[in-house]
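Taking it in order: structure first as structure tokens, then the write-up.
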Amino acid sequence: MPDMSGATHTPAAAQTTTFGNAGALRIVMMVVILGLLLAAPFFLYPIFVMKLLCFALFAAAFNLLLGYTGFLSFGHATFFGGASYFTAYTVKEWGVSPEIGILIGVVGAAALGLVMGLIAIRRQGIYFAMITLALSQMFFFYCVQSGWTKGEDGIQSVPRGHLFGLIDLSNTTNMYYFVLAVFLIGVAIIYRFVNSPFGMILKSIRENEQRTVSLGYAVDRYKLGAFVMSAALAGLAGGLKSLVFGFATLTDVTWQMSGEVILMTLLGGIGTMIGPVVGAGIIVTLQNELATSDFPVTIITGLVFMACVLLFRRGLVGEFYASRLGRKLGFRPEQ
């Protein structure tokens, strides 16, 4: 009889080789990107890159909820801006160190996420989105009227302080590498969270919540856990941002900020690790380049959103993964 082993095993071997090539290529890309980030302050304006990293972490945190759990929140500015206020106030008024201030911001954002999540996760779809928007607006008006947030003036002149009492963060280079370290830690946490058994259950909830319930899982607890984790990581980005710029204002808690992070995630690619980072990079770069232009930035971002919806339904990274080149290289969206 003819040997059929080649016909049987070649496709599997080819698939293994393809995914092996993709894994090797991803490692090379990660090394290159890390090298570029380490060298960035010597070639680019450090404040711009720090802003980009803060918003990239914010978008990645939002994607944890939308991309891997399937819940669209219009209230993530509450966590980003709330942590910004908490960190700015405690560092300036209480005189705590920057790492403690950021930790307080993260805990505060997680607490806000717990309260908002307990109310919102009982609904799905548009009802979930509208509840998060309504609660976010309530927090916005609280910030407008509260004395400790300084109303429309915001908290200004926030000192960066000394990290662990040793490293002077008023030095821009020191601050940049601190922001980079926090960004990498945040992304690593998200990656580990998504690829854990907990993350697998979240994906099953996204795909078929009723079937997940039938398997005996307490779905509401998992949804709440994802909501709080997303809020805490968004708070990490917000607290970091307040130290980078030295202020916390109402801009951080407006519904427009929630809209921006949604745009960043959609533009880069929902359900991918690198997509929100790419989307944040594009939006922040556009805002920076058009800041001195007479042309309204909001019109440009609106046009970008329209182009994304019409031409790149999966986002830029998602479309690359689905393209012939992406499939040939073995890339595929995280499932």
Side-chain angles (χ1 to χ4, degrees), residues 33 36-37 40-41 43-63 66 73-85 87-88 136 140 143 152 154-156 158 172 175-176 179-180 182-183 186-187 233-270 272 274-312 315-317:
I33 292 172
L36 292 174
L37 289 174
F43 301 98
L44 299 172
Y45 185 45
I47 300 297
F48 162 72
V49 185
M50 284 190 279
K51 179 182 178 181
L52 191 155
L53 292 175
C54 290
F55 278 92
L57 180 57
F58 183 26
F62 174 77
N63 184 54
L66 176 61
S73 168
F74 277 101
H76 258 54
T78 295
F79 317 127
F80 181 80
S84 180
Y85 273 117
T87 299
S136 178
F140 169 78
C143 292
E152 295 184 358
I155 302 175
Q156 306 288 338
V158 179
T172 303
M175 186 66 196
Y176 172 79
V179 172
L180 177 59
V182 173
F183 168 77
V187 171
L233 290 167
L236 179 62
L240 201 59
K241 174 259 172 194
S242 69
L243 291 182
V244 170
F245 291 98
F247 58 79
T249 65
L250 291 174
T251 303
D252 300 329
V253 292
T254 58
W255 65 267
Q256 289 92 336
M257 182 63 71
S258 295
E260 278 189 19
V261 75
I262 294 173
L263 174 59
M264 292 173 185
T265 307
L266 291 176
L267 179 60
I270 298 173
T272 63
I274 193 66
V277 177
V278 172
I282 294 173
I283 297 301
V284 171
T285 301
L286 281 175
Q287 291 174 344
N288 184 70
E289 294 298 322
L290 297 174
T292 57
S293 172
D294 294 331
F295 201 78
V297 178
T298 52
I299 294 180
I300 293 295
T301 54
L303 292 174
V304 168
F305 177 72
M306 290 174 58
C308 176
V309 171
L310 295 175
L311 303 176
F312 307 104
L316 296 176
V317 174

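Between F140 atom CZ and T254 atom OG1 the span is 7.0 Å, to the nearest 0.5 Å. Atoms OH and CG, from Y176 and L53 in turn, are 5.5 Å apart once rounded to the nearest 0.5 Å. The line from CG of L57 to NZ of K241 is 14.0 Å long, rounded to the nearest 0.5 Å. To the nearest 0.5 Å, atom CG of residue L44 and atom CG of residue L36 are 9.5 Å apart. In this structure, L240 CG and F58 CZ are separated by 13.5 Å, a value rounded to the nearest 0.5 Å. Summarising the geometry, atom CG belonging to L267 is positioned 4.5 Å from atom CD1 belonging to I282; distances are rounded to the nearest 0.5 Å.
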Please output the side-chain donor-acceptor pairs of residues 76-83 that fall under 3.5 Å, not counting sequence neighbours, one pair per line with the distance.
| from | atom 1 | to | atom 2 | distance (Å) |
| --- | --- | --- | --- | --- |
| H76 | ND1 | S73 | OG | 3.2 |
| H76 | NE2 | S230 | OG | 2.7 |
| T78 | OG1 | G75 | O | 3.3 |
| T78 | OG1 | S136 | OG | 3.0 |

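Minimum heavy-atom separation, C143 to L250: CB-CD2, 3.8 Å. When all heavy atoms are compared, the tightest approach of A61 to L233 is CB-CB, 3.6 Å. Across all non-hydrogen atoms, the minimal contact from V244 to M175 is CG2-CE, 3.8 Å. Of all non-hydrogen atoms in A237 and C54, the two that sit nearest each other are CB-O, 3.3 Å. Residues A280 and A59 come closest through the heavy atom pair CB-CB, 4.4 Å. P46 and T172 get closest at one heavy-atom pair: CB-CG2, 3.6 Å.
Within the 4.5 Å cutoff, the side chain of V158 has no heavy atoms near those of the F245 side chain.
Annotation for F48: atom CZ counts as buried by contact number, over 12 foreign heavy atoms lying within 6.0 Å. Other residues, nucleotides and ligands contribute only 12 or fewer heavy atoms inside 6.0 Å of the CD atom of E152.
Applying the side chain to side chain contact (heavy atoms under 4.5 Å, CB included) criterion to V277, with sequence neighbours excluded, gives A56, F183, I274.
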Inset, instruction - Could you check Y45 against N288 for side chain to side chain contact (heavy atoms under 4.5 Å, CB included), going step by step and ending with a plain yes or no? - result: CA-CA 11 Å; Y45 185 45; N288 184 70; 5.8 Å; no

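Residue S242 is tested with I155, T87, T249, D252 for a side chain to side chain contact (heavy atoms under 4.5 Å, CB included); the sole match is T87.
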